[in-house]
2 protein chains.
Amino acid sequence: MAGKRGYHHGDLPAALIRTSFEVLAEQGPAAFSVAQVARRLGISTASPYRHFRDRDHLFAAVATAAARELAEAVRAAVDAAGADPAERFAVAGSAYLRFAVGRGVGFDVIYASDLAALRDEELATAGRELMDLFTGLADDTGERTKPESLELVANLIALAHGYAALYRNGLFASGRYRLEDLLAQAENGGRALAATRGARPR
Amino acid sequence: MAGKRGYHHGDLPAALIRTSFEVLAEQGPAAFSVAQVARRLGISTASPYRHFRDRDHLFAAVATAAARELAEAVRAAVDAAGADPAERFAVAGSAYLRFAVGRGVGFDVIYASDLAALRDEELATAGRELMDLFTGLADDTGERTKPESLELVANLIALAHGYAALYRNGLFASGRYRLEDLLAQAENGGRALAATRGARPR
DNA sequence: GTCTATATATTGATAGAC
DNA sequence: GTCTATCAATATATAGAC
């Protein structure tokens with residue numbers, strides 16, 4: 001397959017998304033560029049525009065894939081965590097952290113305000129399902145009103161995302177911090193958050 | 001002062017730092033550029049290089065100023081919060097969030113790994129004092145070993161920074177979230193974190 | 001469907017005039 | 001100490017050949 005001379009790809013759109021993840025993992029969202037992705041694939045900088053209208057449309061496709069993969073990673077981690085709701089909730093936070101660091105993509109990309117303007121249906125759906133996953137885990141931790149559940153989710157996401165952001169560049173990037181330790185800390189934080197009001201049905 | 005023809009400034013270095021804050025507040029660290037700062041000040045793009053060796057040295061000066069102002073903002077908020085240690089700790093988190101959103105600068109800039117290579121003594125000192133402030137507040141919340149205190153600080157910072165990052169771009173940037181609500185949520189989160197093991201001397 | 005070539009914009013940084 | 005002018009990178013995006 002793809003044995004002819006010149007530059008070919010069985011599935012360039014898929015290859016573009018895959019390579020975009022590589023760039024994001026190594027340099028983060030801010031440094032992401034269509035040109036760099038094209039260069040890595042050994043294709044011209046014009047080729048991506050045959051498949052994605054512009055930078056943002058490629059980015060949206062990457063964000064959609066990321067939302068799905070993140071949801072899958074969280075589900076897997078939670079399933080492996082046992083039955084205790086607070087534990088499952090806490091593990092969801094560390095799974096987020098691990099994914100965001102490893103892939104260079106987090107909620108900042110998946111829910112980026114720039115991408116919201118695109119009104120991409122697939123991305124919106126993937127994003128909604130991802131949020132539903134987290135709110136479901138929060139609901140299981142105790143009797144809560146809907147706003148209380150949402151606040152709990154927001155706190156967990158903020159905690160995990162903050163760790164990820166500061167690990168990539170900032171306070172925890174100095175080399176004095178090991179990711180494994182931060183994962184454990186984020187889990188402890190998640191447990192503390194889950195322990196607030198109503199954690200166990202009264 | 002500065003009444004002569006042509007472009008003058010009583011204190012261009014200070015004006016560069018001030019204007020840098022404006023750019024950061026409006027566009028964030030990723031979009032920060034020397035050229036844009038110069039444009040805003042109505043000076044040539046060459047002028048800043050008379051006062052700062054390069055982009056990173058200007059950035060370091062901004063980060064230093066930010067570290068000091070942030071420490072001041074946290075101190076003021078904490079002083080206004082009363083005597084309860086857990087409350088003071090929680091308020092420090094929301095003060096961080098408010099500052100990071102308003103100024104466009106947080107621990108990602110102040111402790112940026114790029115700037116660490118500069119070995120700027122003033123920045124290092126300001127950064128250390130900022131961390132000491134937070135660890136002091138954490139220590140007051142209960143009997144803790146040093147690693148436990150550091151973990152508590154890390155959790156608070158991550159929580160607050162995550163909110164700030166996602167408010168600027170991401171989950172909370174959609175317009176459906178009000179900053180005041182997020183500030184309250186971050187404070188609740190801070191209280192939950194402070195309530196972990198040893199929050200009150202046993 | 002991919003390429004070459006190009007137009008346009010922005011950036012960081014320097015040399016040299018005033 | 002500020003300016004004009006300039007260079008080299010790098011980016012997005014398009015037109016047209018193959």
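Just so it is clear: chains get the letters A, B, ... in the order the sequence lines come, proteins before strands, and each one is counted from 1. In this text the structure is predicted, and so the values were computed from the model without any measurement.
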With a 4.0 Å limit, can you tell me whether [X] has a side-chain N or O closer than that to the phosphate oxygens OP1/OP2 of [N]?
X     : N      : value
B:S44 : D:dT4  : no
A:S33 : D:dT10 : no
A:R39 : D:dT10 : no

query = Where do A:A138 and A:V153 come nearest, in terms of heavy atoms and distance?
reply = CB-CG2, 3.5 Å

remark   = In terms of heavy-atom contacts, A:A186 and A:L159 come closest through O-CD2, 3.6 Å

Nearest-nucleotide 5' precedence on DNA chain D, A:A35 against B:P13 = B:P13

message = Determine whether a donor-acceptor pair (N or O, by modelled atom type, separation under 3.5 Å) exists between the side chain of A:D181 and the backbone of A:A184.
response = no

key: Any donor-acceptor pair under 3.5 Å from B:R98 side chain to B:L183 backbone   = no

ask   = Taking a pair as Watson-Crick (N1 to N3 plus N6-O4 or O6-N4) or G-U wobble (N1-O2 and O6-N3), both under 3.5 Å, which stems of 3 or more consecutive pairs involve DNA chain C?
value = C:1-7 with D:12-18, C:9-18 with D:1-10

ask   = In terms of side-chain geometry, is the basic nitrogen of B:E187 or B:R191 positioned less than 4.0 Å from the acidic oxygen of its partner?
value = yes

key: Salt-bridge present (A:R103, A:E22; N to O < 4.0 Å)   = no

May I have the distance from [X] (atom [atom1]) to [N] (atom [atom2]), rounded to whole angstrom?
X     : N      : atom1 : atom2 : result
A:F52 : D:dT14 : CZ    : P     : 15 Å
A:F59 : D:dT12 : CZ    : C1'   : 15 Å
B:F32 : C:dT10 : CZ    : P     : 17 Å
B:L12 : D:dT2  : CG    : C1'   : 9 Å
B:Q27 : C:dT10 : CD    : C1'   : 13 Å
B:I43 : D:dT4  : CD1   : C1'   : 14 Å

Closest nucleotide among C:dC3, D:dC3, C:dT11 to the B:Q36 side chain = C:dT11

note = A correct 5'-to-3' footprint of nucleotides 13-18 of chain C, with B, S and - meaning base, sugar-phosphate only and no protein heavy atom under 4.0 Å, is BBB---

inquiry  = Let's go through A:Y96 and A:F107 carefully: what are the C-alpha distance in whole Å and the side-chain angles of both, what is the deciding distance for ring pair (Phe, Tyr, Trp, His ring centres under 6.0 Å) to 0.1 Å, and is it a yes or a no?
reply    = CA-CA 9 Å; A:Y96 175 95; A:F107 276 27; 5.0 Å; yes

task = Apply the test side-chain hydrogen bond (donor to acceptor under 3.5 Å, both in side chains) to residues A:Y163 and B:N155: give CA-CA distance (whole Å), side-chain angles for both, the deciding distance (0.1 Å), then the verdict.
result = CA-CA 8 Å; A:Y163 267 113; B:N155 273 342; 2.7 Å; yes

ask   = Could A:R55 and A:F52 be counted as a cation-pi pair, given that NZ or CZ must be under 6.0 Å from the ring centre and within 45° of the axis?
value = no

